[in-house]
Amino acid sequence: MQLGDSGTQAIAAWQQQVQGVQGWLARHCEQAPRPEGASVTQGVVLWRQGEQWQPVALWPGQADGAGLLSLSEEVRDAGRGLVSQLGEDSLGIGYPVRDLATDEAEGALLGKGTLLGAVALRVMLPETLRGRDSAVQTALLPLMQRLEDGVAALERDVLQRSYRSGRQLQDRLSQHLSLLAAVLAEPRFASAAMQLVSRLASHFEAERVSLGWRRGSRTRVEQISHSAQFNRKMNRIRATETAMDEALDQRISAVWPAPAGPGWEHRVVRAQAALGGMTGLAAVVSLPLLDGAEPLGAVTLERDMPFEAEEVAALESLLALCARALEEKRRNDRPLPLKMAVATSEQLGRLFGPGFLGYKLTGLILAGVLAFSWLATGEERIAADAILESREQRVMTAPFRGYIDAARVRPGDRVEAGQPLADMETRDLLLERLQWQSELAKFERQEQEMRARGDRAGMNVLAAQRDQAQARLALVDSRLERATLLAPFAGVVVSGDLTQRLGGAVEQGEELFRVSPLDDFRLELEVPERRIDDVKVGQRGELVLAAMTGERLPFVIERLTPQTRSSDGSTRFVVEASLVREAESIDGAARRELRPGLQGVARIETGENKLIVIWTRELVDWLRLTLWRWWG
């Protein structure tokens, strides 16, 4: 099993750290002082790796460190320095090692970093110190101070190593971002590729850097650093393409010669070696450009110095950032017909190729819907806004010039035939009637006197005056009879609110009320201009009013008028229709709710047609009109 690059780097860092700890322990034990004859004879270091603790250093190498290992574990658990009796002639001293880089500056100065390891030393006591506790303490004091100073030096080395590693990581990220920004800044694929190979050649001191892109099953070289043009038929170019294919086939970097360390010995590098032998350069590396698992291309670097594992890891992380950006630029550079062809091919591959079960299921559903809509038929209907109007309206006007005395109804009230609607002021008419009645009585007395005198000429003049008075009286009686406005038929008052005009003057013939019948309506349908040609007299349909959404009222088209109305930027033709009055079509409750002015939506049935024609009619009409407008 091969380790990844991050795993290889972690193992290398661990080994370097272990080697440093081993060297430190050997130097410390060899240079330890010998106060009053006490000497350090053995040492062990317990070190943490992740969540596990392992002994990483033992001095001398052939010694048995079981006792010191137990002491180092006690130091680890206690987190402070300890002194322990290991035998009659020896003592053990231990001290913890902390990683000060993991805490803040104040914690580091106080020595409160994360516990990193534990050091335990065996101190052999001479016979002169055995049994003398005060002398033993005096002898151990310089050794403990020496151990604390040594551990501080070890902690400082760990801190410096961590700092250098962080600086290297920051420098690498900065270089990566700089290169990625330079690639993204270029508008086209060719210029971005040239920017990439040129910067890689400069940064890694390579003699030549080549970028290849996958075409089918082979890779073709697209750009070479410091070369604007090159001949693809050259043997060196073909060898470079073969080296790129070798890396892409393995989906892993191919380095020749292989760097030191685990994980490199199983990689095939024959094509890399062949390219190096052809060009005479000492090192060749080919790195694949991958988008997930899909190979996009490869980059090959050639130089005189072998590539280190860290350099290969840096190249891999850098190219992982640039691969997708280059692919996007390459796709954007393609002409539009090619983009459409590739997109169609990709969709067909998803539809008919392996995988993408949901995509295939969606395609089957769409195909089924299309087949059904092509074979099945349905009733085609035209939607139109509708308003319910009375077939006739009776206008009630003022019978004579006068004043409003009383208003008995308001708009919306239902009235019966002969029901009073309003009353005119009749006081002046009654006085005028008495006047003409008295005039007639006067004429009768004068006629008797003239008949007694035998004045026939005067009787003829008086007869004419009497007829005139009778005519005026008849006119007054007629006005009195019409002073009360009566409903001409059963219906509803559409307009005319006289409650705000009581006592006001009206002129003869002035409109006071409009009354419409309740059982005779007509529909005004506003049919869109694009569908008026499909509407014929005699066609039937259904109406749903906004006030009666639960009822469907059937109707029949009666007349196509030339009248048009504009609404929302479109022209609509007015079509008249009448409601079907059969008892089974409109029940009595629905009929009682109908009133003029109600609005709704009507659907006119134009006959059966294929569902796909019904669903796409508006789109097809729009396309035909657009094509005619542009191409004729």
Side-chain angles (χ1 to χ4, degrees), residues 389-522 559 576 578 595-597:
E389 298 286 354
S390 298
R391 188 170 295 275
E392 66 170 302
Q393 289 186 356
R394 183 68 59 87
V395 177
M396 308 299 294
T397 61
F400 49 84
R401 182 177 182 180
Y403 301 93
I404 303 298
D405 183 53
R408 301 175 181 270
V409 295
R410 297 180 62 187
D413 293 345
R414 296 187 179 183
V415 296
E416 299 296 334
Q419 178 180 338
L421 305 179
D423 296 328
M424 299 288 293
E425 177 65 50
T426 59
R427 183 173 52 187
D428 293 341
L429 292 176
L430 291 176
L431 292 176
E432 187 177 358
R433 181 182 183 186
L434 290 176
Q435 176 185 355
W436 292 111
Q437 286 178 346
S438 63
E439 287 289 335
L440 286 176
K442 175 181 175 182
F443 291 149
E444 288 179 359
R445 289 193 303 270
Q446 290 178 356
E447 183 182 5
Q448 293 176 0
E449 292 176 356
M450 290 180 180
R451 182 179 294 111
R453 291 195 305 264
D455 188 358
R456 305 188 64 87
M459 290 178 60
N460 294 333
V461 174
L462 188 60
Q465 292 177 348
R466 186 182 56 189
D467 293 340
Q468 181 182 7
Q470 288 178 347
R472 296 300 296 271
L473 180 60
L475 178 60
V476 172
D477 291 338
S478 174
R479 288 180 176 178
L480 286 174
E481 292 177 359
R482 292 182 290 129
T484 299
L485 278 70
L486 304 178
F489 44 75
V492 62
V493 178
V494 178
S495 65
D497 187 2
L498 300 183
T499 57
Q500 305 300 319
R501 298 182 60 184
L502 295 177
V506 294
E507 298 293 335
Q508 184 176 0
E510 181 180 347
E511 179 180 332
L512 301 181
F513 297 100
R514 283 181 178 265
V515 182
S516 297
L518 290 174
D519 57 353
D520 195 6
F521 300 97
R522 65 182 175 88
R559 184 182 180 190
E576 294 183 2
S578 61
R595 62 187 63 193

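Values below: all heavy atoms of this structure, side chains included; hydrogens, waters and symmetry mates excluded. Position 1 is the first residue of the sequence, and the numbers go up from there.
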A.B. asks: Check whether any side-chain N or O of Ser478 sits under 3.5 Å from a backbone N or O of Ala474 as a donor-acceptor pair, and report yes or no.
C.D. replies: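 No, because the side chain of Ser478 does not come within donor-acceptor range (under 3.5 Å) of the backbone of Ala474.
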A.B. asks: Atom CG of Leu498 and atom CE of Met396: how far apart are they, to the nearest 0.5 Å?
C.D. replies: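 The CE atom of Met396 is 11.0 Å from CG of Leu498, to the nearest 0.5 Å.
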A.B. asks: Between Arg445 and Glu449, is the closest basic N to carboxylate O distance under 4.0 Å?
C.D. replies: no
A.B. asks: Distance check, rounded to the nearest 0.5 Å: Thr397 atom OG1 versus Leu485 atom CG?
C.D. replies: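 Reported value, rounded in 0.5 Å steps: 7.5 Å.
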A.B. asks: Starting at CZ of Arg408, measure out to OG1 of Thr484 and round the result to the nearest 0.5 Å.
C.D. replies: 6.5 Å
A.B. asks: For atom CD of Glu511, is the number of surrounding heavy atoms from other residues, nucleotides or ligands below 6.0 Å larger than 12?
C.D. replies: yes
A.B. asks: Tell me, yes or no, whether the heavy-atom count around Arg427 atom CZ, taken from other residues, nucleotides or ligands under 6.0 Å, exceeds 12.
C.D. replies: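 No, the 6.0 Å shell around CZ holds no more than 12 heavy atoms from other groups.
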A.B. asks: Between Tyr403 and Gly503, what is the shortest heavy-atom contact and its length?
C.D. replies: CD2-O, 3.5 Å
A.B. asks: For the atom pair CG (Leu429) and CG (Leu475), what is the distance rounded to the nearest 0.5 Å?
C.D. replies: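 Rounded to the nearest 0.5 Å, the CG-CG separation comes out at 9.0 Å.
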A.B. asks: Closest heavy-atom contact between Pro488 and Ala417?
C.D. replies: O-CB, 4.4 Å
A.B. asks: Atom CG in Leu440, atom CZ in Arg472: separation rounded to 0.5 Å?
C.D. replies: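 Spacing of CG (Leu440) from CZ (Arg472) equals 12.0 Å.
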A.B. asks: Closest heavy-atom contact between Ser516 and Phe489?
C.D. replies: C-CE1, 3.7 Å
A.B. asks: Going by the salt bridge (charged side-chain N to carboxylate O under 4.0 Å, His left out) test, which pairs reach into residues 484-499, not counting sequence neighbours?
C.D. replies: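 Applying salt bridge (charged side-chain N to carboxylate O under 4.0 Å, His left out) to every pair that reaches into residues 484-499, excluding sequence neighbours, yields Arg410-Asp497.
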A.B. asks: Compare every heavy atom of Ile404 with every heavy atom of Met424, then report the nearest pair and how far apart it is.
C.D. replies: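 The pair with the smallest heavy-atom distance is SD-CD1, 3.8 Å.
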A.B. asks: I need the minimum non-hydrogen distance between Thr426 and Ala483, along with the two atoms involved.
C.D. replies: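 Residues Thr426 and Ala483, closest heavy atoms: CG2-CB, 3.3 Å.
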A.B. asks: Please round to the nearest 0.5 Å and tell me the distance separating atom CG of Leu512 and atom CG of Leu421.
C.D. replies: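 Answer for the CG-CG pair, Leu512 versus Leu421, is 9.5 Å.
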A.B. asks: Please determine whether side chain to side chain contact (heavy atoms under 4.5 Å, CB included) holds for the pair Gln435 and Val476, giving the CA-CA distance in whole Å, both sets of side-chain angles, and the decisive distance to 0.1 Å.
C.D. replies: CA-CA 11 Å; Gln435 176 185 355; Val476 172; over 6 Å; no
A.B. asks: Between Ala487 and Glu416, what is the shortest heavy-atom contact and its length?
C.D. replies: CB-O, 3.3 Å
